[in-house]
Amino acid sequence: MDAEFMQIAIALSIENVRSGRGGPFGAVIAKGREIIATGANQVTSANDPTAHAEIVAIRAACQKLQDFQLSGCDLYTSCEPCPMCLGAIYWARPDQVYYASSREDAASAGFDDEFIYSQITLPVDRRKIPMRQALQQEAEAAFRAWEEMLHKIRY
């Protein structure tokens, strides 16, 4: 763990609040001793519920590296990733993730993701937001096309 990278993530989170640009979250993606990308929460300033610090940093790092995976990189974040960010992190596949504040710390500041964690484990028909499957057979054509594609990039 590189304390300098974590200090930068924390400083980004503090500056983001003080500047009025968003919530108290910052992230750094490093490869070795080089910072590849940083991100700060932009949910309210960008009117984008997916613009969490980790997502912003992952997008920037992948663009810079011209790769959809972050192999060989470490992610430093000012707070334990929420369920959305955790999913993105697993898709991006960094080597390690380091976080400062816990999800309990975030909850005590008004950022409680426990509801989302509980929704994920529920059967689809019991979730708060109604989710109904439709046109499954028609949609299977996309998977058949993928399976038949000879030169696909697996991820």
Side-chain angles (χ1 to χ4, degrees), residues 1-32 34-136 139 142-143 154-155:
M1 201 282 291
D2 190 314
E4 180 183 344
F5 294 147
M6 184 60 82
Q7 289 169 343
I8 293 169
I10 293 167
L12 286 167
S13 69
I14 295 167
E15 173 56 28
N16 205 49
V17 171
R18 290 186 176 152
S19 70
R21 287 190 295 264
F25 304 98
V28 171
I29 296 176
K31 190 168 192 170
E34 179 187 0
I35 293 177
I36 302 300
T38 64
N41 182 283
Q42 299 174 9
V43 170
T44 56
S45 61
N47 293 315
D48 181 354
T50 69
H52 288 202
E54 298 92 333
I55 303 291
V56 171
I58 287 169
R59 288 174 179 160
C62 288
Q63 287 298 309
K64 182 173 183 177
L65 296 173
Q66 291 295 291
D67 199 341
F68 59 89
Q69 293 184 352
L70 297 175
S71 302
C73 295
D74 293 328
L75 189 151
Y76 295 81
T77 180
S78 63
C79 189
E80 183 177 354
C82 75
M84 176 184 67
C85 293
L86 188 60
I89 288 165
Y90 273 93
W91 281 113
R93 296 180 180 93
D95 289 357
Q96 295 184 76
V97 175
Y98 300 98
Y99 64 91
S101 298
S102 69
R103 70 194 224 193
E104 292 81 13
D105 297 329
S108 70
F111 298 93
D112 193 351
D113 297 328
E114 199 54 45
F115 173 73
I116 299 170
Y117 282 104
S118 70
Q119 289 290 297
I120 291 169
T121 61
L122 289 175
V124 175
D125 63 344
R126 292 190 44 219
R127 293 182 182 159
K128 174 108 173 121
I129 297 175
M131 297 186 184
R132 296 176 179 89
Q133 190 171 19
L135 302 178
Q136 178 186 13
F143 291 122
R154 296 193 182 274
Y155 57 98

Engineer: Rounded to the nearest 0.5 Å, what's the gap from CD on E80 to CG on D113? Could you check?
Structural biologist: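 Output value for this atom pair is 9.0 Å.
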
Engineer: Side-chain contact test, heavy atoms from C-beta onward, threshold under 4.5 Å: evaluate it for P83 versus L86 and give yes or no.
Structural biologist: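 A side-chain contact is absent here, since even the closest heavy-atom pair is not under 4.5 Å.
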
Engineer: Show me the pairs that pass ring-ring contact (aromatic ring centres under 6.0 Å, His included) and involve residues 38-71, at least two apart or across chains.
Structural biologist: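 Residue pairs with at least one partner in residues 38-71: there are none.
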
Engineer: Looking at G26, is its backbone amide N or carbonyl O close enough to the side chain of S78 to form a donor-acceptor pair, meaning the two atoms are under 3.5 Å apart?
Structural biologist: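 The answer is yes, because a donor-acceptor pair under 3.5 Å joins these two groups.
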
Engineer: Please answer whether the main-chain N or O of Q63 pairs with a side-chain N or O of Q66 as donor and acceptor at a distance below 3.5 Å.
Structural biologist: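 Judged by distance alone, yes, a pair lies under 3.5 Å.
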
Engineer: Taking the side chain as every heavy atom from C-beta outward, state whether Q7 and Y76 have any pair of such atoms under 4.5 Å apart.
Structural biologist: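 Answer no - side chains too far apart.
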
Engineer: Roughly how far, to the nearest 0.5 Å, is SG of C82 from CD of E114?
Structural biologist: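 Here the interatomic distance stands at 12.5 Å.
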
Engineer: Work out which heavy atom in A57 is nearest to a heavy atom in G39; give both atom names and the distance.
Structural biologist: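 Nearest heavy atoms, A57 then G39: CB-N, 3.8 Å.
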
Engineer: Where do I29 and C73 come nearest, in terms of heavy atoms and distance?
Structural biologist: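 Heavy atoms only, the tightest pair is CG2-CB, 3.9 Å.
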
Engineer: Under a 3.5 Å distance rule, please check whether N41 uses its side chain to pair with a backbone N or O of G23 as donor and acceptor.
Structural biologist: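 Yes: the side chain of N41 pairs with the backbone of G23.
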
Engineer: Could you tell me whether a side-chain N or O of D48 sits under 3.5 Å from a main-chain N or O of V43, the two making a donor and an acceptor?
Structural biologist: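 Answer holds: no.
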
Engineer: Do P24 and V17 come within less than 4.5 Å of each other through their side chains, counting heavy atoms only?
Structural biologist: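 SC-SC contact between P24 and V17 confirmed.
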
Engineer: Under 6.0 Å between the ring centres of F111 and F25?
Structural biologist: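 Here the rings of F25 and F111 have centres that are less than 6.0 Å from each other.
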
Engineer: Please list, chain by chain and in numerical order, all residues satisfying salt bridge (Lys or Arg N to Asp or Glu O under 4.0 Å) with R21, sequence neighbours excluded.
Structural biologist: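 Partners of R21 by the salt bridge (Lys or Arg N to Asp or Glu O under 4.0 Å) criterion, ordered by chain and then number, come out as E15.
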
Engineer: Could you check if a side-chain atom of P94 sits within less than 4.5 angstrom of a side-chain atom of I89, using non-hydrogen atoms only?
Structural biologist: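 They are in contact (side-chain heavy atoms under 4.5 Å apart), so the answer is yes.
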
Engineer: Report yes or no: does D105 contribute a side-chain atom to a donor-acceptor pair with the main-chain N or O of S102 at less than 3.5 Å?
Structural biologist: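 Such a contact is found between D105 side chain and S102 backbone.
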
Engineer: Using salt bridge (charged side-chain N to carboxylate O under 4.0 Å, His left out), reason through E34 and K64 one step at a time and then give a plain yes or no.
Structural biologist: CA-CA 12 Å; E34 179 187 0; K64 182 173 183 177; 3.7 Å; yes

Engineer: Atom CD1 in I36, atom CG in L70: separation rounded to 0.5 Å?
Structural biologist: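 That separation rounds to 9.0 Å.
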
Engineer: Taking all heavy atoms of E54 and all of C85, pick out the closest pair and write down the distance.
Structural biologist: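 Reported closest heavy-atom pair: OE1-SG, 3.4 Å.
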
Engineer: Using the side-chain contact (heavy atoms from CB on, under 4.5 Å) rule, take I55 and M84 through it: C-alpha gap first, then chi angles, then the decisive distance, then the call.
Structural biologist: CA-CA 9 Å; I55 303 291; M84 176 184 67; 4.1 Å; yes

Engineer: Looking at Y99, I'd like to know if its OH atom is crowded, meaning that more than 12 non-hydrogen atoms belonging to other residues, nucleotides or ligands lie closer than 6.0 Å.
Structural biologist: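 No.
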
Engineer: Using the side-chain contact (heavy atoms from CB on, under 4.5 Å) rule, take N16 and L12 through it: C-alpha gap first, then chi angles, then the decisive distance, then the call.
Structural biologist: CA-CA 6 Å; N16 205 49; L12 286 167; over 6 Å; no

Engineer: Of all the heavy-atom pairs spanning Y155 and R93, show the shortest one and how long it is.
Structural biologist: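 Smallest heavy-atom distance, with atoms named: C-NH2, 3.6 Å.
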
Engineer: Just wondering, do I58 and L75 contact through their side chains at under 4.5 Å, heavy atoms?
Structural biologist: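 A side-chain contact under 4.5 Å exists here.
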
Engineer: Can you tell me if Y90 has over 12 outside heavy atoms packed within less than 6.0 Å of its OH?
Structural biologist: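 No, the 6.0 Å shell around OH holds no more than 12 heavy atoms from other groups.
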
Engineer: side-chain hydrogen bond (donor to acceptor under 3.5 Å, both in side chains): which pairs involve residues 118-131, sequence neighbours left out?
Structural biologist: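 Residue pairs passing side-chain hydrogen bond (donor to acceptor under 3.5 Å, both in side chains), neighbours aside: none found.
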
Engineer: For V28 and A9, work out which heavy atoms get closest and say how close.
Structural biologist: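 Smallest interatomic distance, heavy atoms only, reads CG2-N, 3.7 Å.
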
